[in-house]
Amino acid sequence: MAVQCWLDALKSAKKTALLHDGKRKVHYLFVDGKEMAEEYDLKTDELIVRKWRRKNTLGALGQWEIEVGDPATMAISEPHPIMESSSNPVLMRKDTKTSFQWRVRNLPYPKEVYSVSVETVERCCIIRTTNKKYYKKFSIPDLDRCQLPLESSALTFSHANNTLIISYQKPKQILTLEQDLLRELKKMKGSGDGDVDCKTQ
Amino acid sequence: MAAQMATTKVPEVRDITRIERIGAHSHIRGLGLDDALEPRQVSQGMVGQLASRRAAGLILEMIKDGHIAGRAVLIAGQPGTGKTAIAMGIAQSLGPDTPFTALAGSEIFSLEMSKTEALSQAFRKAIGVRIKEETEIIEGEVVEIQIDRPATGTGTKVGKLTLKTTEMETIYDLGSKMIESLSKERVQAGDVITIDKATGKITKLGRSFTRARDYDAMGAQTQFVQCPEGELQKRKEVVHTVSLHEIDVINSRTQGFLALFSGDTGEIKSEVREQINAKVSEWREEGKAEIIPGVLFIDEVHMLDIECFSFLNRALESDLSPVLIMATNRGITRIRGTNYQSPHGIPLDMLDRLLIIATSPYTEKETRQILKIRCEEEDVELSEEAHTVLTRIGLETSLRYAIQLISTAGLVCRKRRGTEVQVEDIKRVYSLFLDESRSSQYMKEYQDSFLFNEAQGTQMETS
């Protein structure tokens, strides 16, 4: 089963963990050379950040791509010639225990404007606005990795404080998977504060 | 408010296209051959040297075919007979997509790198790999461009660009580089453009259909396109050419935080190269990549020593080898690093692998023609008599010296507020600057009064 595949991939990946700043930081190096880094809150065990990095076709290391967490925390290394203005809507994912959650900030329009739909064939969700100001297509990588179907009934959204919040109820398989993983991570000897040797690097 | 007024009043006077500096071979735009590879007498900045240009044309065809690897060509001739010009002509006709690496023979002698490493790097720089890569692009219709210039006229400009698709709209902040290229491309509201996020390259796709009814003055070639759909940022596959050396460098960098401490790549391990070769041939078999053998041009090849030549002998046999073009102005001379004499200072076994193109001194007519082309390139007007005098100088001293006189005479002429360089101006600079033969004449006469004249017996070791 696909859920099992992903769990096995996680188990076979080289992992390094450390506790720092009240967070449990885990670095995974997969067999195919991809890297994943996760940060969990120590108290609540919530996932704060999950990011990916992989090599491009020529073998150069790419930038970290954020899957979960606030993209603004990534320091911008150099002034880019073209950047989205800070007044634009930004999408970030911030999960809760029971659901995947996305927040789009800087969306001042009333709630009627938005519509969020699930495209089961394309395996993605689409945010549309009737005033044609915002449009976003995003996938749920967790479900893709486990090859679970997307269901429109699991999706809800609300709007408050210029923010659109979209929630997708986590399926049962994902919930058990995440619990398994967390148990596994807690078993790992998370070294305390300070520098540690990162075996995976 | 006053500042606002001032901003709007500053006229756009600064020219955005940069003025290119004029180099010794910047007038050369190709080999000057017609479709049947017959050389034209004067074309694309090339004059005369018909036989050698025709030969170079055949080599060019071979390079373009790309089937034959590891051939070597030697361009031999006296100084100032257009050897480097022919090599530049080949480079120009190959276009930007075929790698052309030029280096001087003395460049490979460095303390940081062994000679053979420098040569293998040069070899690998001359092999291109065309490969597909995913890049992020922004594609949309321009709604508005807003550029604020500081009131003082200097300082960084800031700008905003609003783009839309049929579904959404986004405002982008622009850096000064982006503003410059936007105004260079004359992007205006209603244009549909794509911007490569990594490189910042802008491509104009056309004008949006919604603007088709604007009564703007439009050229006949204006294309109308649909406003793009969906998201503004897309991932697209683009094909581009990288050299094998660049792939080597990417893969030989120390990974992780250690990469911070190793700026220079230095020597590349042979394991890395083997790994890359294997990977590239794998890509080629899968149809993901295409190999483009380019050209490695080594000027002043007599500066290479015997070890380099033996390395070249071996390297040319590899199937991942570019076409090697060498140039020399030496006759029979000592091979560097040995006591043997050999034609062009190149060992005989190496010479045996070469196709040799000879260049011959220019005739009077050709010299005249070259001087004329250089005058145009350097933007100097020459009177008929001055031209004749300069041609004589070119024939009696050297072509290079005559070319040097063009811009200096031009300056003298400008100082006396003349428009056309006259014989007087040429005479003036001719008396001001010595040519090589007059200078050595002077040396002979006044040698006794120069410093260190007692060391006259020993000659300088040059080769």
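Chain letters run A, B, ... following the sequence lines, proteins first and then strands; every chain starts at 1.
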Just wondering, more than 12 heavy atoms not from [X] lying within 6.0 Å of its [atom1]?
X: N161(A); atom1: CG; result: no
X: K160(B); atom1: NZ; result: no
X: K236(B); atom1: NZ; result: no
X: K204(B); atom1: NZ; result: yes
X: E229(B); atom1: CD; result: no
X: K94(A); atom1: NZ; result: no
X: R186(B); atom1: CZ; result: no

Task: K137(A)/E231(B) under salt bridge (charged side-chain N to carboxylate O under 4.0 Å, His left out): CA gap, chis, key distance, verdict - done: CA-CA 7 Å; K137(A) 226 180 192 181; E231(B) 284 179 274; over 6 Å; no

Task: Flag, side chain of N88(A) to backbone of T170(B), donor-acceptor distance under 3.5 Å - done: no

Heavy-atom contact with chain A under 4.5 Å, split by part of [X]:
X: T165(B); result: neither
X: V129(B); result: neither
X: K132(B); result: backbone
X: L161(B); result: side chain
X: L232(B); result: neither

TODO: Provide the closest heavy-atom pair for I171(B) versus S87(A) in the form atom of the first, atom of the second, distance.
DONE: CD1-OG, 4.4 Å

Open item on the list: To check you understand the geometry: which heavy-atom pair defines the closest contact between Y135(A) and M168(B), and what is its length?
Closed with: O-SD, 3.3 Å

Open item on the list: Applying side-chain contact (heavy atoms from CB on, under 4.5 Å) to Q233(B) and E84(A), what does each step give before you reach the verdict?
Closed with: CA-CA 11 Å; Q233(B) 272 196 45; E84(A) 278 174 53; 2.9 Å; yes

